[in-house]
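Throughout, residue positions are numbered sequentially from 1 according to the sequence presented.
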Amino acid sequence: MSAIFRFRPANELTIEELKTGYAWFSRPTEYNDKEDSNIIAFAEENENVKESLNRVFRNYLEFGTELSYCGICCFTETLPKRKDWRKFPKGPKGIIIEYDKEKIEKYFIDNYALGDCFKKVEYFQNQLIIESSSSDHYDILWEVEDDGNLYKSLRGDIERSEKLMDEFLQRLFTRINYKHDKQNELRIILGSRHFADRTSEIKGYKIPIPLSTIISIYVSSDTPENFIEELKKIIPAEIAINQIQPNPVHRSV
């Protein structure tokens with residue numbers, strides 16, 4: 001069994017999420033970093049990407065708007081040390097939920113036909129700029145390897161392969177600023193095709209995930225005591241609540 005972790009704020013929405021058994025998948029339009037998962041911004045910063053999206057999807061603006069209705073849920077690969085909690089959104093006073101990674105992977109295969117659901121985030125100094133090997137920007141950097149960089153042609157490779165185009169778009173959803181690299185992030189991305197609502201007020205989606213996928217919950221000395229008491233009332237007894245100590249040894253509470 002391997003584990004995956006997720007920060008949640010100490011508020012009523014987290015209580016509702018745990019009590020009901022769902023995970024919040026945010027639309028990328030709700031991120032504080034407006035460049036994160038913003039397909040329109042990628043196209044407008046890289047003319048070659050804009051031209052490619054226009055050729056394949058006819059209009060990059062309409063396509064980018066459609067993709068903005070996807071849902072993204074963010075996890076971290078390792079249990080952060082206590083001193084690093086502040087580097088996560090609402091981290092210092094929040095909680096960390098530890099999940100069974102294999103159970104979540106099976107859940108998304110069974111319910112969404114989504115294999116290999118966890119996508120690793122990459123960190124860049126300028127997340128919007130996509131490197132090319134030529135002055136005409138005909139290709140883009142695809143892989144950094146020990147014996148040199150691998151580039152793929154937008155027209156010759158990516159546009160001609162639905163699989164490569166899907167992977168290219170996924171890469172755009174997992175490029176974020178290097179200042180967040182301590183988050184060691186993985187993401188589950190559900191495409192907009194899964195959601196029918198196209199009203200601009202939609203901020204995200206409640207995706208049912210069984211409580212049986214949760215291994216334990218971690219709190220800190222900054223997590224409000226009244227919130228911890230609410231947790232104890234709603235989670236099953238087999239899910240431990242552990243307190244992270246500064247050293248960072250933890251104990252059951």
Using a 3.5 Å distance criterion without hydrogens, assess whether the side chain of D139 forms a donor-acceptor pair with backbone atoms of Y151. no
Side chains of S52 and R155: does their closest heavy-atom pair fall under 4.5 Å? no
Determine whether I158 and I140 make a side-chain contact, defined as any pair of heavy atoms from C-beta on separated by less than 4.5 Å. yes
Measure from the side-chain N and O atoms of Q127 to the backbone N and O of N177, and report whether any donor-acceptor pair falls under 3.5 Å. yes
With a cut-off of 6.0 Å (strictly less than), are more than 12 heavy atoms of other residues, nucleotides or ligands near NZ of K120? yes
Given 3.5 Å as the limit, does a donor-acceptor pair link the side chain of D100 with the main chain of K103, or not? yes
Rounded to the nearest 0.5 Å, how far apart are CG of D36 and SG of C74? 7.5 Å
When you measure from the centre of the six-membered ring of Y205, is the NZ or CZ of R27 under 6.0 Å away and within 45° of the axis? no
What is the ring orientation for F118 with F75, classed by angle as parallel under 30°, tilted 30 to 60°, or perpendicular over 60°? perpendicular
Starting from the C-alpha separation in whole Å, work towards a yes-or-no answer on side-chain contact (heavy atoms from CB on, under 4.5 Å) for I130 and R175. CA-CA 10 Å; I130 301 176; R175 292 175 63 102; 4.2 Å; yes
Rounded distance (nearest 0.5 Å) linking atom CG of L18 with atom CD1 of I95: 5.5 Å
Validation row: R171, F42 side chains within 4.5 angstrom (heavy atoms): no
Side-chain heavy atoms of W142 within contact of E167, under 4.5 Å: yes
Between CD1 of I4 and OG1 of T213, what distance do you get to the nearest 0.5 Å? 12.0 Å
Can F25 be reached from L169 by stepping across I, L, V, M, F, W or Y side chains whose heavy atoms are under 4.5 Å apart? no
Would a 4.5 Å heavy-atom cut-off, applied to side chains only, mark I176 and Y123 as touching? yes
Could you tell me the separation between the CD1 atom of I72 and the CD atom of E30, rounded to the nearest 0.5 Å? 11.5 Å
Return the CD to CG distance between E66 and L61, rounded to the nearest 0.5 Å. 13.5 Å
Whether R6 engages the ring of Y99 as a cation-pi pair (distance to the six-membered ring centre under 6.0 angstrom, angle to the ring normal within 45°) should be assessed. no
Tell me, do T76 and F88 make a side-chain contact under 4.5 Å, heavy atoms counted? yes
Reported CD-to-CZ distance for the pair Q170 and R187, which is rounded to 0.5 angstrom: 11.5 Å
If you define the side chain from C-beta out and look only at heavy atoms, does anything of V49 sit under 4.5 Å from F168? yes
Where the side chain of Y60 meets the backbone of K50, is there a donor-acceptor pair that is under 3.5 Å apart? no
I188/I207 under side-chain contact (heavy atoms from CB on, under 4.5 Å): CA gap, chis, key distance, verdict: CA-CA 11 Å; I188 299 178; I207 302 301; over 6 Å; no
Should the pair K119 and F173 be classed as cation-pi, given the thresholds of under 6.0 Å to the six-membered ring centre and 45° from the axis? no
Please test E159 against R55 for side-chain contact (heavy atoms from CB on, under 4.5 Å), starting from the C-alpha separation and ending with a verdict. CA-CA 8 Å; E159 291 179 21; R55 283 191 294 268; 2.6 Å; yes
Relative to each other, are the rings of F57 and F63 parallel, tilted or perpendicular (30° and 60° limits)? parallel
Would you mind checking if K19 and E16 are paired as a salt bridge, meaning a charged N to carboxylate O distance below 4.0 Å? no
Checking side-chain contact (heavy atoms from CB on, under 4.5 Å) for the pair I244/W85: CA distance, chi angles, key distance, verdict? CA-CA 10 Å; I244 296 288; W85 282 36; 3.6 Å; yes
Residue pair L154 / Y138, side-chain heavy-atom distance below 4.5 Å: no
